[in-house]
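Notes to accompany the following structure.
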Amino acid sequence: MNSLQKPDLPSPAPRVSDPEVLAGEIIETLTYRIGKDAKVAKPHDWLTATILVVRDRIIDRWMQSTRKAYETNAKRVYYLSLEFLIGRLMRDAVSNLGMMDDVRAALGSLGVNLDVIAELEPDAALGNGGLGRLAACFMESMASVDIPAYGYGIRYMHGLFRQQMSDGWQVELPETWLAHGNPWEFERRESSYEIGFGGSVETVGSYDEPPRYVWKPAERVIAMAYDTPVVGWRAQRVNTLRLWTAQPIDPILLDAFNAGDHIGALRESNKAEALARVLYPADATPAGQELRLRQEYFFSSASLQDILRRHLQQYPDFKSLPDKVSIQLNDTHPAVSVAELMRLLMDVHHLDFVEAWDITWRTFSYTNHTLLPEALESWPVPLFERLLPRHMQIVYAINAHILVDARKGKAMTDNEIRSISLIDENGERRVRMGNLAFIGSHSVNGVSALHTDLMKETVFADLHKLYPARINNKTNGITPRRWLMQCNPGLTALIREAIGDAFLDDAEQLKALDAMAEDSAFQQKFAAIKRKNKEALAQLVGNRMGVRLDPSAMFDIQIKRIHEYKRQLLNIIEAVALYDQIRSHPELDWTPRVKLFAGKAAPSYHNAKLIIKLANDVARVINNDPAVRGLLKVVFIPNYNVSLAEVMVPAADLSEQISTAGMEASGTGNMKFALNGALTIGTLDGANVEMRDWVGEDNIVIFGLTADEVARKRAEGHDPRPIIEASRELSQALAAIASGVFSPDDRNRFTSLVDGLYSHDWFMVAADFDSYTKAQREVDCLWANPAGWNAKTIRNTARMGWFSSDRTIRQYAKEIWRAG
Ligand SMILES: *Cc1c(COP(=O)(O)O)cnc(C)c1O
């Protein structure tokens with residue numbers, strides 16, 4: 001029995017949830033906790049009151065879940081991630097608690113519309129894109145499949161920036177998601193830890209015992225926890241998302257203040273708070289970003305101190321750590337955790353190196369998310385050493401331990417040794433976080449079958465040779481609760497009517513829909529729901545942007561971060577070519593299309609921002625040309641986030657997943673669309689490869705070079721010029737863009753973009769163009785046969801169940817964590 005249990009204390013009776021009780025509590029909460037008279041309460045007050053009442057129901061399950069983990073000595077999983085792109089929580093929580101109808105009725109009886117107040121909930125945008133959204137889907141799935149788990153991250157005061165358009169250019173504004181407070185979270189003042197930076201390392205000890213090292217940091221800040229409950233499907237269990245905020249040790253330097261230095265008096269405070277203020281944009285080169293390394297260490301150290309404290313509450317020592325704790329590193333951002341756990345075990349808890357190392361690598365596992373060399377994190381040795389002097393020593397010690405074994409035990413060559421070393425010695429010496437994460441883990445996984453294969457052949461080829469059993473695959477997934485049931489209630493209701501409720505608990509049961517793919521009555525209903533979702537998106541676009549869309553046109557959607565490898569440019573050039581074709585051949589029977597885009601570019605990523613401007617410039621010209629009216633529209637919707645995705649995904653007819661093969665690790669947007677009955681046009685990249693295997697090659701449109709072909713072309717020296725010159729469509733489109741047809745105010749605006757395609761075409765836009773346009777015309781042919789199209793869309797929904805993140809999480813639990 002552990003210290004937490006006081007069996008003589010009674011628990012409150014769990015709260016009931018019929019509409020009348022809920023309505024009464026909402027009024028009470030509004031009055032006594034928010035201090036507002038219902039007669040004058042604003043919609044935001046109703047939202048807060050509703051969340052607090054729902055939260056009470058969650059707390060009951062939360063405490064049960066926590067107790068159960070203690071009582072059964074269950075293994076706990078810790079998911080360390082610098083990003084959690086969770087979006088809104090109310091619908092998720094209410095639906096997973098099974099309270100949707102009751103809450104709706106309760107609010108209705110008070111004259112409040114659930115859908116209206118739900119729209120007011122801010123989107124918690126604590127992530128850039130796929131990696132952060134994966135962490136959010138995983139949190140929900142871990143609760144749903146009953147795994148005791150904690151997510152650890154940073155409570156950024158401003159998540160990623162809010163994107164606005166100014167004359168078609170991206171403008172970044174601070175996101176203020178906490179402006180109205182956050183009723184979901186609990187402040188945990190008691191869970192606070194000191195985090196050090198800088199300073200020096202002292203050696204203590206006498207002749208007859210091994211030396212001890214004591215780090216004397218020059219700076220210290222406090223990490224304080226905020227907990228958000230994460231409710232699993234059918235409230236199976238409730239886990240905790242623990243996000244850290246930074247506080248100064250001395251909130252104000254009174255001596256300075258009293259001496260009249262009012263700004264200097266707040267220096268410590270401002271410096272500490274800067275740590276948890278903003279989320280770094282992905283794709284900004286990590287070089288020189290000292291604050292980023294501070295953030296990584298800050299949240300890693302706080303999380304590990306918390307994990308070790310919880311372990312010692314229940315177990316006598318750390319020998320059992322690898323059996324009772326699994327720590328998953330979401331990319332290399334928390335990789336410094338490997339050195340931090342070593343430091344805590346050796347310097348604070350006095351284990352020796354060998355014991356500490358054995359515990360450390362058996363406890364950690366690491367997920368790799370990218371093969372792009374510029375995205376592989378590394379830190380200059382001088383910076384690392386200055387900020388984390390003790391960790392630098394530990395990195396060297398680990399390196400020596402590993403390299404001696406590699407050279408002597410495994411007879412590796414000098415080149416191989418250089419590539420597996422934790423220190424990059426080419427040019428400025430740098431600490432390689434990918435190698436640290438790899439060496440410090442018992443499992444290293446990729447996120448799709450193709451990505452995992454490429455990992456073995458490229459970035460980690462030599463480490464793979466040294467540890468051939470370590471790399472494994474866990475293809476990403478998405479939670480069907482958010483990405484089908486909540487975002488597409490119409491389709492969910494239709495599927496329940498058609499095949500019953502089994503798919504709600506096991507997405508693979510969707511396969512029962514396969515039998516109805518050719519049933520014309522079912523096709524009509526399926527298409528009618530898609531039509532309604534398209535009307536809802538058309539309304540959003542009309543309201544927000546004043547552009548009218550025809551819901552009977554094909555909605556062709558590409559939404560994701562703007563990056564050259566994701567090739568929004570390929571899609572835009574194709575739109576220009578199509579525009580040209582329609583104008584030249586108005587007599588032909590063109591498929592009416594709306595091309596929709598959304599996505600943020602990293603503020604420092606010049607070409608990505610130029611691509612956004614191009615999309616907007618092209619949109620302005622095409623949308624104002626009466627010659628293509630009703631046949632082609634282009635729309636860029638600002639400020640892509642989870643909530644916008646929830647409207648766009650169910651409304652798509654065609655999903656654009658067109659990255660340069662070999663460059664998208666998995667993708668999860670691709671899965672959301674196909675699950676909601678869109679056809680994919682895509683390359684054989686990331687999880688698209690496995691999607692093709694599941695939905696069948698007749699139900700997906702594949703084009704372009706394969707990853708092998710891209711690699712070969714690059715190795716041989718790809719010359720795009722003859723390819724462009726041989727393609728009339730492509731050269732005309734490029735000429736139009738480069739000569740200022742879409743930018744009469746600045747004719748050279750896009751010259752550099754086009755020059756890049758002529759000179760190196762690194763992302764194979766020119767190389768894949770003809771194959772892509774051919775695939776698009778094939779899509780038009782499929783669209784011309786509605787019965788055939790509908791059958792394909794139904795088969796997509798029917799066959800995507802495997803891509804549920806419940807499946808992914810069960811694989812992690814069984815094969816990596818040995819938990820649950
Ligand atoms: C799913 C999702 C992503 C990832 O999209 P990809 O197409 O896989 O890059 C990014 N951002 C948001 C808001 C998402 O919901």
Side-chain angles (χ1 to χ4, degrees), residues 81 83-89 92 122-141 159-163 175 177 279 281-283 330-331 369-370 372 375 447-448 450-451 475-484 486-488 556-568 570-571 596-602 608 637-652 654-660 663-676 678 680-683 685-691 800 803-805 808:
S81 179
E83 303 188 15
F84 288 92
L85 190 48
I86 45 190
R88 292 176 178 144
L89 286 179
D92 214 43
D123 212 283
L126 310 183
N128 275 283
L131 175 149
R133 184 54 233 174
L134 184 76
C137 283
F138 278 8
M139 285 305 296
E140 200 265 3
S141 274
L160 193 62
F161 62 87
R162 190 157 56 83
Q163 179 192 56
E175 180 75 76
W177 69 294
L279 164 66
D283 317 320
N330 195 25
D331 213 321
H369 284 272
T370 179
L372 305 185
V447 290
S448 73
L450 173 65
H451 167 234
T475 299
N476 282 169
I478 54 172
T479 167
R481 270 73 63 182
R482 184 175 292 254
W483 297 113
L484 178 61
Q486 285 150 44
C487 74
N488 204 342
D556 167 347
I557 304 190
Q558 186 172 22
I559 48 176
K560 48 185 76 237
R561 282 181 304 117
I562 310 297
H563 198 294
E564 287 164 285
Y565 87 76
K566 291 178 182 274
R567 298 202 294 192
Q568 283 91 356
L570 177 60
N571 192 351
L596 293 127
F597 296 86
K600 295 174 181 173
I637 308 179
N639 202 36
Y640 181 47
N641 60 15
V642 172
S643 298
L644 183 58
E646 286 169 355
V647 182
M648 296 186 78
V649 164
L654 186 66
S655 157
E656 299 268 355
Q657 306 301 335
I658 60 176
S659 52
T660 314
M663 300 194 80
E664 185 76 87
S666 163
T668 49
N670 45 4
M671 301 167 189
K672 297 168 195 166
F673 283 105
L675 180 63
N676 283 275
T680 303
I681 182 167
T683 46
D685 199 15
N688 293 356
V689 179
E690 289 149 89
M691 281 172 53
M800 281 298 292
F803 294 91
S804 163
S805 47
T808 314

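Just follow the structure's listing: the first ligand is 1, and inside any ligand the first atom is 1.
Atoms of ligand 1 found under 4.0 Å from any heavy atom of Gly129 (numbered from 1 in listed order, with element): 10 (C), 11 (N). Atoms of ligand 1 lying under 4.0 Å from any heavy atom of Gly667, numbered from 1 in the order shown and given with element: 8 (O). Within the listing of ligand 1, atoms 13 (C) sit less than 4.0 angstrom from a heavy atom of Val642. Close approach of ligand 1 to Gly130 (heavy-atom distance below 4.0 Å) involves ligand atoms 3 (C), 4 (C), 10 (C).
Considering backbone and side-chain atoms together, Lys560 places an N or O closer than 3.5 Å to an N or O of ligand 1. By the 3.5 Å distance cut-off applied to N or O atoms, Lys672 is counted among the residues near ligand 1. When only interatomic distances are considered, the shortest N/O to N/O separation between Thr668 and ligand 1 falls below 3.5 Å. In terms of polar-atom proximity, defined here as any N/O pair under 3.5 Å, Gly669 does make such a contact with ligand 1. Among the atoms of Trp483, none of the N or O lies under 3.5 angstrom from an N or O of ligand 1.
Heavy-atom separations between Glu646 and ligand 1 are all 4.0 Å or longer.
Counting heavy atoms under 4.0 Å from ligand 1, residue Asn641 touches it through the backbone alone.
A 4.5 Å side-chain heavy-atom check between Glu140 and Arg481 finds at least one atom pair inside the cut-off. Two residues are said to be in side-chain contact when any heavy atoms from C-beta on lie closer than 4.5 Å; Phe803 and Glu690 meet this criterion. At least one side-chain heavy atom of Asn688 sits less than 4.5 Å from a side-chain heavy atom of Thr683. Side-chain contact between Asn676 and Cys487 is present, with heavy atoms from C-beta onward closer than 4.5 Å.
Under a 3.5 Å cut-off, the side chain of Asn641 and the backbone N or O of Ser643 do form a donor-acceptor pair. No donor-acceptor pair closer than 3.5 Å links the side chain of Glu83 to the backbone N or O of Leu131. Although no hydrogens or angles enter the test, the distance criterion places a donor-acceptor pair under 3.5 Å between the side chain of Lys600 and the main chain of Phe161.
For atom 9 (O) of ligand 1, the nearest non-hydrogen atom of the protein is Lys566 NZ, 2.8 Å. Atom 11 (N) of ligand 1 has its closest protein heavy atom at Tyr640 CE2, 3.4 Å.
The only member of Asn476, Asp331, Asn330 that meets side chain to side chain donor-acceptor pair (under 3.5 Å) when paired with His369 is Asn330.
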Asn128 and Leu279: CA distance, side-chain angles, deciding distance, side chain to side chain contact (heavy atoms under 4.5 Å, CB included) verdict: CA-CA 8 Å; Asn128 275 283; Leu279 164 66; 4.3 Å; yes
